Student: 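Encoded as structure tokens, here's the structure I'll be asking about.
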Amino acid sequence: MRREFDFLVIGSGIAGLSYALKVAKYGSVAVVSKTEIKETNTAYAQGGISSVMYEPDSFDKHVKDTLIAGDGLCDIEAVTKVVKEAPEQIQQLLNWGTNFDKDESGRFDLHREGGHSEHRILHHKDNTGEEIQRALIHEVKNHSSIQVYENHFAVDVITQHHLGKVTEPWMRDIECYGAYILNKDNGQIETFLAKTTLLATGGIGSVYQTTTNPLIATGDGVAMVFRAKGIIENMEFVQFHPTALYNLSERPSFLITEAMRGYGGILRRQNGQEFMEEYDERGCLAPRDIVARAIDNELKNRGEEYVYLDVTHKDAEETMQHFPNIYKKCLSLGIDITKEMIPVVPAAHYLCGGIKVDLKGRSSINNLYAAGECASTGLHGANRLASNSLIEALVFSNAAAEDAIEKLKDSVCNQHIPDWNDEGTSHPEEMILITQSNKEVQQIMSKYVGIVRSKIRLNRAYDRLEVLYRETEALYQDSKVSEKICHLRNKINVGYLIIKMARKRKESRGLHYNIDYPTKLDH
Ligand code: FAD
Ligand code: SIN
């Protein structure tokens, strides 16, 4: 089966859907989602979306907070772009029907999270992402130019070397013509040809054992671009959220939003002592990397499995009103958060690096854009400021849409692309091989490439992963393509990139903390 579109969008989260809505006025659009349209990291976002709204906040303050969190590696142009364009993109979200909470005077009720010097987080209760996803799906489903393909899994982008078409010195001489997509309902690989393609495939949390990300977060877009020889960067900066609910049987881990610490929540040892002031003068509202590392240190030193987040000193009614979903969730596990402390642990949460893009959202491959969590825009540097990712996805999807629309008149669908050929392959006889390798990847990444790293741990991870890589590539070459084997292959590619870049960084910085390179604070 061959299909042809002006714009191909892989991913149905905030990045993919907002881009689709913008380009749909100019041509035909396909939105591909590997499960249901609503199953995205976006839908799980709790805390909110950052934007300067009222004085005394200012663009300068938001820029400064972002740069401080990014620990010297942010691209100032990307930071300024996101911060300055945020209010306009928030207005666009409101126009699409998103609701954010307001106070009695009619102004937006702004939260504050770790690393933010002002209240600037727009939110919808504690389920902001679900509300944004709802509004976007409603708009997309009502747009006649957009066709949504659920249960369609992108296996690889279609690329060819293209002599002499490099438009920027940093870009590669490679052109993208669409993607090979597995229709999961009939097992066929379809050829989706497009004039321009956007990767909006989200995060990588599932590469780790414990993560706040839904199962879809397997780093497919990053792996596809890596295989297509595009540029991937900053993969060593994986953010661990300090406070996922401690509940061993649950996957993904349920998030306890950082907004709870902004609201006055206090981290305590199991014996009730506060401890964050011992690590950072900003206490519980220090940037995430510092809080996650502090908790990790507490757990290792004390041999305990969780610390507590305490909001029992806050007004019970207010707690229930601000955090109704967290209240309900904890109550279902027998914890009344207005009276009892919440057991929490850090969990893999967000990838700061990914597919390198410029300020127009262009990847290093011609006609291939990337936006959202799979893209590395330069905004986050070595550590993302809380609630800066939803807004980054909107701003960069908008930039990519503007560029793709402008290029449309000069682009054609390449009719010479061959269809997928899987002659001589068969279904793997032993699925247990894939299941077991998958577990091993997650163990390797969690044990050796987590919050605290060392040269020896990284080397060991590299060697172990190499074995899995060889076995999996051999299996892949002989197998009919299935989502399971592709996921494993993608996770191995992503794990490899994280380890490779972590080994290359000979310092501790932001989210990359290596005990062989102590920071000034360690002395
Ligand atoms: P996603 O929303 O993850 O969408 C990815 C899409 O790609 C999905 O539709 C998926 O099916 C599709 N896809 C992936 N691979 C393939 C493939 N091979 N073929 C076809 N389709 C594919 N950020 C904030 O700014 N504020 C917050 O409050 C916040 N809270 C968070 C809470 C949680 C629990 C989590 C997990 C994240 C949170 N984040 C938050 C981060 C933020 O939600 C994500 O970074 C953001 O939503 C990513 O959006 P996206 O559009 O890039 O990807
Ligand atoms: C949270 O609500 O704590 C998550 C915010 C984010 O990841 O930006």
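Numbering of ligands and ligand atoms starts at 1, following listing order. The first residue of the sequence shown is numbered 1, and numbering continues consecutively from there. Just so it is clear, the structure is predicted and the values come from calculations on it, not from any experiment.
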Student: Is it true that Glu483 and Lys34 make a salt bridge, defined as a side-chain N closer than 4.0 Å to a carboxylate O?
Tutor: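 Between Lys34 and Glu483 there is no salt bridge, as every charged N stays at least 4.0 Å from the carboxylate O atoms.
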Student: Is the shortest distance from a heavy atom of Glu392 to ligand 1 less than 4.0 Å?
Tutor: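 Not so, Glu392 does not reach ligand 1.
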Student: Is it the side chain (CB and beyond), the backbone, both or neither of Leu255 that lies under 4.0 Å from ligand 1, heavy atoms counted?
Tutor: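 Under 4.0 Å from ligand 1, Leu255 contributes side-chain atoms alone.
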Student: Looking at non-hydrogen atoms alone, which of Glu483, His349, Glu36, His487 comes nearest to atom 37 (C) of ligand 1?
Tutor: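 Residue with the shortest heavy-atom distance to the ligand atom: His349.
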Student: So for Gly129, does at least one of its heavy atoms come nearer than 4.0 angstrom to any atom of ligand 1?
Tutor: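 Contact absent.
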Student: I'd like to know if Val32 contacts ligand 1, where contact means a heavy-atom distance under 4.0 Å to any ligand atom.
Tutor: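 Yes, Val32 has heavy atoms under 4.0 Å from ligand 1.
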Student: Backbone, side chain, both or neither: what part of Thr218 comes under 4.0 angstrom of ligand 1, heavy atoms only?
Tutor: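 None of Thr218 does.
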Student: Which of the listed options, Thr42, Asn388, Ile10, holds the heavy atom that is closest to atom 50 (P) of ligand 1?
Tutor: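 Among Thr42, Asn388, Ile10, the closest heavy atom to atom 50 (P) of ligand 1 comes from Thr42.
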Student: Where on Arg384 is there a heavy atom closer than 4.0 Å to ligand 1, on the side chain, on the backbone, on both, or on neither?
Tutor: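 For Arg384, the contact with ligand 1 is made by the side chain alone.
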Student: Record the part of Ala200 in heavy-atom contact with ligand 1 below 4.0 Å; permitted values are side chain, backbone, both and neither.
Tutor: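 For Ala200, only backbone atoms sit under 4.0 Å from ligand 1.
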Student: Under 4.0 Å between a side-chain nitrogen and a carboxylate oxygen: does that hold for Asp57 and Lys61?
Tutor: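 Here Asp57 does not pair with Lys61 in a salt bridge, since their nearest N and O are not under 4.0 Å apart.
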Student: May I have the N/O to N/O pairs between ligand 2 and the protein that fall below 3.5 Å, each with atom names and distance to one decimal?
Tutor:
residue, atom, partner, partner atom, Å
ligand 2, 2 (O), Gly47, N, 2.9
ligand 2, 2 (O), Thr257, OG1, 2.5
ligand 2, 3 (O), His241, NE2, 2.7
ligand 2, 3 (O), Thr257, OG1, 3.4
ligand 2, 3 (O), Glu258, N, 2.6
ligand 2, 7 (O), Arg288, NH1, 3.0
ligand 2, 7 (O), Arg288, NH2, 3.2
ligand 2, 7 (O), His349, NE2, 2.7
ligand 2, 7 (O), Arg384, NH2, 2.7
ligand 2, 8 (O), Arg384, NH1, 2.8
ligand 2, 8 (O), Arg384, NH2, 3.3
ligand 2, 8 (O), Ser387, N, 2.6

Student: Can you figure out which of Leu17, Asp220, Ile37 has its heavy atom closest to atom 15 (N) of ligand 1?
Tutor: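 The nearest heavy atom belongs to Asp220.
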Student: Where the closest heavy atom to atom 26 (N) of ligand 1 is concerned, which of Gly47, Gly48, Ser12 has it?
Tutor: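 Ranked by closest heavy atom to atom 26 (N) of ligand 1, first place is Gly48.
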Student: How does Leu390 reach ligand 1, by side chain, by backbone, by both or by neither, if only non-hydrogen atoms under 4.0 Å count?
Tutor: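 It is both backbone and side chain that touch ligand 1.
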Student: Is Ala393 close enough to touch ligand 1? Criterion: a residue heavy atom under 4.0 Å from a ligand atom.
Tutor: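 False for this residue.
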Student: Taking all non-hydrogen atoms of both residues into account, name the closest pair between Gln133 and Ile14 and its distance.
Tutor: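 Residues Gln133 and Ile14, closest heavy atoms: OE1-N, 4.5 Å.
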Student: So, does Thr128 sit close enough to ligand 1 that a heavy atom of it is under 4.0 Å from the ligand?
Tutor: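 No, Thr128 has no heavy atom closer than 4.0 Å to ligand 1.
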Student: Less than 4.0 Å between a side-chain N and a carboxylate O, is that true for Asp358 and Lys360?
Tutor: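 Salt bridge: no.
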Student: Have a look at Phe240 and tell me which of Tyr513, Tyr350, Tyr208 forms a ring pair (Phe, Tyr, Trp, His ring centres under 6.0 Å) with it.
Tutor: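 Checked Tyr513, Tyr350, Tyr208 against Phe240; only one passes ring pair (Phe, Tyr, Trp, His ring centres under 6.0 Å): Tyr208.
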Student: Below 4.0 Å from any atom of ligand 1, is there a heavy atom belonging to His123?
Tutor: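 In this structure, His123 fails to qualify as a contact of ligand 1 - no heavy atom is under 4.0 Å.
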Student: Determine the sole option in Glu131, His124, Lys125 for which the side chain to side chain donor-acceptor pair (under 3.5 Å) test with Asn99 is passed.
Tutor: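 Of the listed residues Glu131, His124, Lys125, the side chain to side chain donor-acceptor pair (under 3.5 Å) partner of Asn99 is Glu131.
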Student: Closer than 3.5 angstrom, by distance alone: can the side chain of Asp126 be matched with the main-chain N or O of Asn325 as a donor-acceptor pair?
Tutor: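 Yes, the answer is positive, given that a donor and an acceptor are paired below the 3.5 Å cut-off.
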Student: Evaluating non-hydrogen atoms only, which member of Gly205, Cys374, Ser389, Gly202 is closest to atom 23 (N) of ligand 1?
Tutor: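 Minimum heavy-atom distance to atom 23 (N) of ligand 1 goes to Ser389.
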